[in-house]
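In what follows, a structure is listed as C-alpha cells, so that the remarks can point back to it.
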Amino acid sequence: MKKKFNTPALLAIVLLGGIIRFYHLGNVGIGFFRDEAAMGFNSWSILKTGADEFGRFLPLFFRSFEVFFMPAYEYLSVPFFMLFGPTEFSARFLSAFSGTLLIFVGFLISKELFKSERIGLLTALIVSLAPWSIFYSKGAFEGNLGLLFFSFAFYLWIRFINTENNKLFFLSLFFFVLSMYSYQAPRFVAPVFVVFSILLSGNWSKKIKLWFLGGLFALLLYLPILVFTLSPAGYHRAVGVSIFSGRSPRLTFKEALSLYLHYYSPGNLFGQGDYNPQRRVPNYSVFYLWMLPLFLIGGAKLLQTDSKTKKTLLLWLLVSPIPAALTRDPFHTYRAILIFLPISILIAIGFSQFIGYFKKNRVIIVLAVFSVIAFSTASFLFSFFKVAPVISWRDWDYGYREVAEFIRDQPANLRIVIDDPNTESYIHFLFYGLIPIEDYQKAASAVVSGQYYTSADELRPQKVGRFEFRKVDWPSERGDKNTIFVFPSNRLYPSEFTNDPKLTLVKTVYSPGGEPAFYLVRSAN
C-alpha cells in the first residue's frame, strides 16, 4: 500500500466504525438494560447533586442492586449528560466513543508490533466491523472503556520496549491503572500482564530501580480502590460468580481449565457465541465465520515472527480470559472482552498473508473479500436491529421507557405499584425522571446507612413516595383503590383482570415483535 493512501484509508475506517456505533445509539430497539440505567442514572445524579443514588458523595464504587460498579465509566460520562441530558444516548455515548477510538488504537498496536501499516489498517478494519466490537459499543458497557484503556496502555508498553523511553513506561502504567478503575477484569489482568512481561523481557534484573519506582507509582494511583479490596465492595462480584465457592479444589481446577480453553474454541469464537441471549445477536458469535481460517493463518504466522514484542501479544492473549474462566459461566464474552483485540490482530495478520498469496489477481481477490465483508456486516446489523429486538427484548428490559412515559401523564395522586420480585426496576423510574433524585437519595441513604461498602445484602427502599417496587400479592391487593399496578406480561394473565368492573386495563406495552410486554391495570377510586 502506498503511504499517501494510508491516512485517508484509516480515517475512512474509523469514520465508518463511528457511524455504525452511533447510529440509533439512543434507541437501538431492543431495550435499555438495568445496568445501563444504573450507570447512567448515577452519572446524572453526580452531575446534579454530587452524590449517587444512595446519597453517597463522590463514591469510589457505585452500588446498584448489590453490584458494585467500578467508577470510571460513571464519572467520565458526566460531561455527556451535561451536553445531552438524562437520555439513553448519554448513557451509551462513552461506550460508543470508546469503541470508535479502539479502532485507531488497534491500528497503532499492529503497526508498532509488526512495522506494517497494512496489518495496522486491516486490524482497524476488523475491529471496526467485528460483531463483538459493534455489540459492546452499542450499549453502556464499562468493559468497553476498560478495554480501550488497557489497549492504549499495551501500545505504550510495546513502545517503551522498543524505545526504552522511561516516560512511556510510566504513562503505560497510568493507563493500565485507569483500566483497573474501569472494569473488574483488568484488576487481575493488568498487574499479571505487567509482572510477567517484565520477567519475560530477559534483562529485567538490570532495571530493578525502574520497576520499583513504577510499582510504587501504580500502587499510589490504585490505592483508593485497593483499600476496599477486602471489603464486599471490592470482592463481592468476584466471590459471587467464582467457581471456587464451596467446591472441591481438584474438580474446580479441571473445570477452570475447561472454561479457560472455551475462550480459544473456534466453535465459540466463530460459531455459537455467548450462552446468554442478553449478550448475543441471533445467528452470530463474536467474529464472523469467514474469519476463522484467517485467525489460524495469523496465529501460525505470529509464532514464526522474530520480534521482541511478540511475547507481549501472546501474553495478552493468554492472560486475558483467566478472570472469565474462574467464574461459573461458560464463554462469558463480556468478562473476556480483553481477549478479542489480540484475536482481531491475529485475524488481521492472516488477512494480510492471504492477500499476499495472490499477486497476479490481487485486485479481484480484494474486491471479492470486501464484498464478503460488506455482506457480513450488513447481515449482522440487520440481525442486531431487526431480529434481536424480537427475540431478546425481555433480556434487555424492554418497555420501561414506554411505561414511564404513560405514568408521567397520569394524575399525581395515583399510587404506582410495580410487580418486581427482584425490586430492581426502580432504576428505570429513576433514570426516566419519575422519582425526584433527592427523594430517592433520602430514602436509600436511610436504608443503607453506614453499610454502603461493607454489606452485600439487599439494601434499598421498596417504597419511595407513591412508587412501590416489590412482588405483588394479586389476590389480596387487586381490591386496593386508586392504584395503577404495573405487571410484566409473564407475571399476570389477562384472565386475572378482565371482566372485573373494579379493574381497568389502561395500557398494554407491546414488545418489538408485537407480544405484550407490560400490563398496566388501574383499580377503581
Side-chain angles (χ1 to χ4, degrees), residues 17 20-21 28-30 33 95 99 102-103 106 122-139 141 143-144 147 151 185 258-299 316-318 320-325 327-351 354 369-393 395-396:
I20 290 174
R21 282 153 180 76
V28 296
I30 199 172
F33 191 58
S95 184
L102 187 66
I103 300 168
L122 290 172
T123 298
L125 183 65
I126 296 299
V127 175
S128 176
L129 302 178
W132 70 267
S133 187
I134 296 174
F135 179 81
Y136 284 119
S137 298
K138 299 291 281 185
F141 290 102
N144 214 27
L147 173 61
S151 301
S258 175
L259 290 170
Y260 176 78
L261 295 176
H262 279 183
Y263 292 94
Y264 303 99
S265 164
N268 287 333
L269 291 170
F270 303 93
Q272 62 188 18
D274 201 303
Y275 76 98
N276 189 327
Q278 196 263 331
R279 297 187 298 271
R280 182 177 69 236
V281 174
N283 304 316
Y284 288 90
S285 184
V286 288
F287 294 100
Y288 300 114
L289 183 59
W290 58 264
M291 292 179 174
L292 173 56
L294 302 181
F295 168 67
L296 297 176
I297 294 171
W316 181 2
L317 185 68
L318 293 173
S320 51
I322 292 178
T327 66
R328 299 188 183 99
D329 302 313
F331 201 66
H332 194 300
T333 56
Y334 189 43
R335 292 177 190 150
I337 194 172
L338 296 181
I339 197 177
F340 299 133
L341 185 56
I343 291 178
S344 299
I345 293 173
L346 293 184
I347 293 171
I349 297 171
F351 203 162
F354 177 79
V369 169
F370 276 83
S371 297
V372 171
I373 293 174
F375 177 78
S376 299
T377 305
S379 298
F380 172 77
L381 292 175
F382 176 83
S383 187
F384 180 85
F385 283 109
K386 299 299 182 181
V387 180
V390 175
I391 295 176
S392 305
W393 60 271
D395 300 294
W396 274 86

| Contact summary for Phe135 and Trp396, nearest pair of heavy atoms | CZ-CZ2, 3.8 Å
| note | Sorted by chain and residue number, the ring pair (Phe, Tyr, Trp, His ring centres under 6.0 Å) partners of Phe382 (sequence neighbours excluded) come out as none
| note | Residue set satisfying ring pair (Phe, Tyr, Trp, His ring centres under 6.0 Å) with Phe370, at least two apart, ordered chain then number -> none
| request: Measure across Arg21 and Ser128 and return the closest heavy-atom pair with its distance rounded to 0.1 Å. | output: NH1-O, 2.9 Å
| said: What I'd like to find out is whether the side chain of Tyr264 reaches to under 4.5 Å of the side chain of Ile343, using heavy atoms alone. | reply: no
| field | Any side-chain heavy-atom pair of Val281 and Lys138 under 4.5 Å | value | no
| field | N/O donor-acceptor pair under 3.5 Å between Thr123 side chain and Ala348 backbone | value | no
| Contacts of Leu381 that satisfy side chain to side chain contact (heavy atoms under 4.5 Å, CB included) - sequence neighbours left out | Ile20, Ile134, Thr377, Phe385
| task | May I ask you to test the Leu346-Leu317 pair for a side-chain heavy-atom distance under 4.5 Å? | result | yes
| Nearest heavy atoms of Ser392 and Arg280, plus distance in Å | OG-O, 4.5 Å
| note | Distance col, row Met291:CE vs Ile297:CD1, nearest 0.5 angstrom, shows 13.5 Å
| task | State which residues pass salt bridge (charged side-chain N to carboxylate O under 4.0 Å, His left out) with Arg279; sequence neighbours excluded, sorted by chain then number. | result | Asp274
| request: Would you check if Leu129 and Ile373 make a side-chain contact, meaning some heavy-atom pair closer than 4.5 Å? | output: yes
| remark: Residue pairs passing the side-chain hydrogen bond (donor to acceptor under 3.5 Å, both in side chains) test with at least one member in residues 285-298, sequence neighbours excluded, are Trp290-Ser376
| remark: For Leu292 and Pro266, the nearest pair of non-hydrogen atoms, with its separation, is CD1-CB, 3.8 Å
| Leu269 backbone acceptor or donor facing Tyr263 side chain under 3.5 Å | no
| query | Do you know the tightest heavy-atom contact between Asn144 and Ser95? | reply | ND2-O, 2.9 Å
| Ile322 backbone acceptor or donor facing Arg335 side chain under 3.5 Å | no
| task | Check whether any side-chain heavy atom of Pro277 sits under 4.5 Å from a side-chain heavy atom of Ile391, and report yes or no. | result | no
| query | After noting the C-alpha distance and the side-chain angles of Phe351 and Ile126, does the key distance pass the side chain to side chain contact (heavy atoms under 4.5 Å, CB included) rule? | reply | CA-CA 10 Å; Phe351 203 162; Ile126 296 299; 4.2 Å; yes
| query | Side-chain contact, heavy-atom cut-off 4.5 Å: Ser265 with Phe331? | reply | no
| message | Are the side chains of Leu147 and Phe340 in contact, using a 4.5 Å heavy-atom criterion? | response | no
| message | Any heavy-atom pair between the side chains of Pro293 and Phe270 that's under 4.5 Å? | response | no
| said: Would you say CZ of Phe375 has more than 12 non-hydrogen atoms from neighbouring residues, nucleotides or ligands within 6.0 angstrom? | reply: no
| said: Quick check on the 6.0 Å ring-centre criterion: do Tyr334 and Tyr136 meet it? | reply: yes
| field | Qualifying residues under ring pair (Phe, Tyr, Trp, His ring centres under 6.0 Å), relative to Phe380, sequence neighbours excluded | value | Tyr284
| task | State the OG-CD1 distance between Ser320 and Ile337, to the nearest 0.5 angstrom. | result | 11.0 Å
